[in-house]
Amino acid sequence: MSSLVGPDEDRENGKPAVPEHVQDAIRTLIEWTGDDPAREGLLDTPKRVARAWKEYCQGYGEDPSVHLSRVFEEVGGYDDIVLLKDIPFQSHCEHHMAPIIGVAHIAYLPTDFVVGISKLARVLHGYARRLQVQERLTAEVARCIWDNLKPEGVAVVIEATHACMTARGVRTPGVTMVTSRMMGVFRDDPRSREEVLSLMGH
């Protein structure tokens, strides 16, 4: 994927330079929607939009699995569910590039070690900061934890609103989409699945 940001810095404000062809693309969109990209309030908009999208999509520049590389074995014999609830996140729909805003609940049943809880949120954000569909985001987070921590089970539930549905199209605000991915014991054992979903509030 080509970078939107060049190697040089914008000397006026210290922010990364934005290639002219990227700015031109945004000016074209502004003009196509009916406004004048040359008017005062929109003169710097192409640079601002480009830099904003570079930030929104910074997940393309990282490997979320690196956050799971450091683990802790001294857990005092703890071998039950580890759950991080209500992790806020923002992503963007790959179909309309509209915001997806929600929360995620991530749980795993450790084997011999655990990972720092902030790392679960970092894995989520690493995948969320890309153009996404919620179903794939849910599956990617679960698979990353499963492959790297080798736990007995992984459960990921994501609840989110989609601006491509609430702010355009059918325009139905207040609708929440829920997706889940269960792996290991949370998929195979109904009692374990019921327990983790209950802890998540589902």
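Here the structure is a predicted model, which means the values were calculated and not measured.
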Discussion item. Working to the nearest 0.5 angstrom, can you tell me the gap between Lys119 NZ and Leu124 CG?
Written reply: 14.5 Å
Worksheet item: Quick one: do Leu197 and Tyr108 end up in the same hydrophobic cluster if we chain Ile, Leu, Val, Met, Phe, Trp and Tyr together by side-chain heavy atoms under 4.5 Å apart?
Response: no
Fill in: Spatial distance of atom CE (Met200) from atom CG (Asp86) [nearest 0.5 Å]
10.5 Å
Worksheet item: Can you check whether Gln58 reaches His125 side chain to side chain, under 4.5 Å on heavy atoms?
Response: no
Donor-acceptor list for residues 158-166 side chains, cut-off 3.5 Å, not counting sequence neighbours:
residue : atom : partner : partner atom : Å
Glu159  : OE2  : His105  : NE2          : 2.6
Glu159  : OE2  : His202  : NE2          : 3.0
Thr161  : OG1  : Ile101  : O            : 3.3
His162  : NE2  : Gln134  : OE1          : 2.7
Thr166  : OG1  : His162  : O            : 3.3

Practice prompt. Report the distance from atom CG of Leu83 to atom CD1 of Ile106, rounding to the nearest 0.5 Å.
Written response: 9.5 Å
Discussion item. Other residues, nucleotides and ligands only: do more than 12 of their heavy atoms fall within 6.0 Å of CZ on Arg122?
Written reply: no
Item to complete: Please round to the nearest 0.5 Å and tell me the distance separating atom CG of Leu131 and atom NE2 of His96.
Response: 13.0 Å
Worksheet item: Would Val178 end up clustered with Phe186 when hydrophobic side chains under 4.5 Å apart are linked, directly or stepwise?
Response: yes
Worksheet item: Are side-chain heavy atoms of Thr138 and Glu135 found at a separation under 4.5 Å?
Response: no
Response to the item:
When rounded to the nearest 0.5 Å, the distance separating CG of Asp44 from CD of Gln23 is 8.5 Å
Fill in: From CG (Asp36) to CZ (Arg27), nearest 0.5 Å
11.5 Å
Which donor-acceptor pairs under 3.5 Å do side chains of residues 140-157 form with protein atoms, sequence neighbours excluded?
residue : atom : partner : partner atom : Å
Glu140  : OE1  : Gln132  : NE2          : 2.8
Arg143  : NH1  : Asp147  : OD1          : 3.2
Asn148  : ND2  : Cys144  : O            : 2.7
Lys150  : NZ   : Asp147  : O            : 3.0

Worksheet item: Linking I/L/V/M/F/W/Y whenever their side-chain heavy atoms sit closer than 4.5 Å, directly or via other members, would Tyr60 and Tyr127 fall into one cluster?
Response: no
Enumerate, atom names and distances included, each donor-acceptor pair closer than 3.5 Å involving a side-chain atom of residues 67-77, sequence neighbours excluded.
residue : atom : partner : partner atom : Å
His67   : NE2  : Glu62   : OE1          : 3.1
Ser69   : OG   : Val66   : O            : 2.8

Worksheet item: Would a 4.5 Å heavy-atom cut-off, applied to side chains only, mark Ile100 and Phe89 as touching?
Response: yes
Discussion item. Assigning hydrophobic clusters by single linkage (Ile, Leu, Val, Met, Phe, Trp, Tyr; side-chain heavy-atom cutoff under 4.5 Å), is Val170 placed with Val175?
Written reply: yes
Worksheet entry | Min side-chain heavy-atom separation Met97-Tyr56 under 4.5 Å | no
Discussion item. Any heavy-atom pair between the side chains of Val103 and Lys85 that's under 4.5 Å?
Written reply: no
Worksheet item: Side-chain heavy atoms under 4.5 angstrom apart, residues restricted to Ile, Leu, Val, Met, Phe, Trp, Tyr: same cluster for Val22 and Leu42?
Response: yes
Item to complete: State whether the number of non-hydrogen atoms from other residues, nucleotides or ligands found under 6.0 Å of Glu20 atom CD is greater than 12.
Response: yes
Discussion item. Can you confirm whether more than 12 heavy atoms, excluding those of Arg187, are under 6.0 Å from its CZ atom?
Written reply: no
Fill in: Side-chain touch His92/Pro99, heavy atoms, less than 4.5 angstrom
yes
